[in-house]
Amino acid sequence: MASSPLRFRRFSTRLLVIVLGLLAAALLSTYLLVTKANQANAIAHIESRLAGDVKVFWASIDFRKRFFVEGAKVVSRDWPIRTLYLQPQLDLKTLRTTMESYAARLNAPVFATFDVDGAMLATTNDSLTNESCGPFRHLIRTADENGWEQNSAFGYLEGKLNVMIVVPLYAPEPNIIGWFGIAFPIDDRFARDLKETTQTEVTFTSGLTEDTKRVLATTLPPELARQVADQAPAELKPDGQAMVTNLGRERYVTLYAPLELLAEDPARITLQRSLETELAPARRLEQTMLFILIAALIAASLIAVAVARGVSQPLQHLADYTKLVAAGDYTRRIELPREDEIGQLATAFNHMTAGLAERDRVRDLLGKVVSPEIATQLLQSDLKLGGEEREVTILFSDLRNFTGMSERMAPTEVLTLLNRYLDRMSTIIEKHGGVIDKYIGDAIMALFGAPVALPDAAARALAAARDMADSLHDMNRELEAEGKPPLVFGIGINTARVVAGNMGSHTRLNYTVIGDGVNLASRLEAMTKEPAHRTSIIVSEATARAVGEEDKLRSLGHVTVKGKTEAVKVFAVDIQPRPWPTRPLARPPTQAPYVS
Amino acid sequence: MRSRLLFALLVLTAATRVAAAPATLTATTKDTKGTAVTDAVVSLIPLDTAAPPPAESTGEIAQQTQEFLPYVTVVQAGTTVAFPNRDTVQHHVYSLSKAKKFELPLYNPGQKESLVFAATGLVTLGCNIHDWMLAYLLVVPTPYFAKTDGQGRAVVAAPAGRYRVEVWHPRMSAALAQEITLSAGETPARDFSLTLKPDRRIRRGGANKSGGYR
């Protein structure tokens, strides 16, 4: 799932990278989209405005043309004209002065009169010759051919861009006796007037057949107008072409529209608006966006680190604690008072550790209640009832006078004394590899060779019995010093094939051995009571043979055990002579009960 | 002797009368679409003999309801034409045509001015005040002429002889000319197809009510 670049040692780094990466990608792409959209919108907006501005230009031209046409119509039927024409010879000087009057009336920059063929008769502009009035002639010819009442076009007069208008002289309509021509220039003043209406930069440039594209009129400073002229595209559709150009250092949206001229390549009108100005409010917004973007990224990283820390620290804590628990310390509990999943994990961890501690204690306890070997056997055996037949050496021991003694002592004292005795004896038995099967009051039943098989089980049992006798002797010396009566016990040992296994019910069972051999061991132990045998340890023939001390032990003859048909040979084990207790065993002590 | 002279005179008169029996040319004018053309002038200009001088007649172009009546007038060169003002307002008749340049400065209703038109040619008349007033006066060098009627027909009577037939209409760029020979007592008919320019007369009351906006 995670590719190598995303494998970090620390969760917080990973979270940080992922969150920042996603956030940065989203925010940056949004920012880029917004800036692109803003720019595209601004350009589209300006383009539509420029398209409208071109219409304004045409409308203003049309308006001015119409004004002049209608004015010329009025003055063409004026009496001075007709009167001059009535005279046999047309007085050109007077005609020219009449033109001056008319030009003044109409505010027409150029006013001229032409004959029916288009030859120039008189004009208010002294520098105009018949030759330079070619455009007027062109208009007159076309109007005449088509029977138009007026004609107009853009054209050059003495190299300057003008709008030229011709209107027929009627006498009366529809009979034409001559033509009036009016021209007004497209110059810087016109451009400035258009700029005032449209709020765009206006430049008129000449067509492309000339070597240098001339600037005809402009609202811009000369260098910039020059730039505009140079950037004019070669081909233009009638509606013009809009593009983003550089003017000086600023970007402008520029519309180049063609101006059809008489008998020339079309000139161009250029309308421009600053893109930067249009974008200014958007730019402010973008800056704010950028600021928010950066702030968001910083905030996101801080929050991501904090969140990650909030997760990784407790988890690290948990990991440390888990290591301790794994090492065996079940006492640790972790403190994470949180409501979320990590808190739940901590609670579960604590429960688990408590469970482990409990299990450990149970195990320990089991090992104490039954011997560790039996505990292991029980745990491993799936706790099935039943067992197996094997040769086991069974050792029974029992205290002779304990019940009588306990009558004279406080119950707690009794338990303490008993535990002291049992502890000593059990330690010895276990030291020799024996397994305490059970305690029956003050009696001990021990197994040698089960559940763990021992090759020298009988020898171990015998050695244990001897050591137990010695230990009892030592304990009695201590008791005497304490002023307590001595203890006397008897031990019976038998080696036989018995059934060893779990006995009881499904809910309550015991690992023990069952068989005649067990009963015999118990009987042998009971036999030690008889003073005639003068021993506290009696072993069976099987045990003696197993130990190999048949001839070393004192034979006690054969005994018949209840329930068995054959008599069993038994032996006594003599301990090194030790002073027997002087008082009779049955006589209760005369001293007061011991106070512990 | 006196009876011989009388007889000779009679014979001469009779001969003359026989020689001067008029032919009648019926001209029918149509335009290129086949519509009859009204107010076309058909004139017969004699080629062999000189045209007789004009009779003591006067033409008349009146001003009435701010229009010239009639629209087209034909007179032989040398005729006097009167321009009575039968209107309720003043008029200033003028013409800048080469055939005759004149003006009759503002004159009142009831007044009448007359002019002799000696040169042949077309005289286009207008009024300085009323731009729409238009009339044509065609001065022809012959007494044999007629205007076509509503059906486009004109009947011109002339003595036998060779003639140049000229058909003219205000909307023609140039007159249509043909040669024809009339024999005494004949009544030939001729059809003429005229190529007319579009009608460009001003429509009266043509000012745009909404001030020039479409």
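Here is the naming used below: chain letters follow the sequence lines, and residue numbers restart at 1 for every chain.
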Residue A:L86 versus chain B: region with a heavy atom under 4.5 Å: both
For B:T38, all residues meeting side-chain contact (heavy atoms from CB on, under 4.5 Å), sequence neighbours excluded: none
Aromatic ring proximity, centroids under 6.0 angstrom, A:F204 and A:F57: yes
Contacts of B:Y144 that satisfy side chain to side chain donor-acceptor pair (under 3.5 Å) - sequence neighbours left out: none
Side chain, backbone, both or neither of A:Q87 within contact of chain B (heavy atoms, under 4.5 Å): backbone
Among B:D131, B:D199, B:L134, residue most engaged with chain A (heavy-atom pairs, under 4.5 Å): B:D131
B:S97 portion near chain A, given a 4.5 angstrom heavy-atom threshold: neither
Most chain A-contacting option - heavy-atom pairs closer than 4.5 Å, from B:R201, B:K197, B:E103: B:E103
Nearest atoms (heavy-atom pairs only) where B:Y136 meets B:P170: CE1-CB, 3.5 Å
Aromatic centroids of A:Y170 and B:W132 separated by under 6.0 Å: no
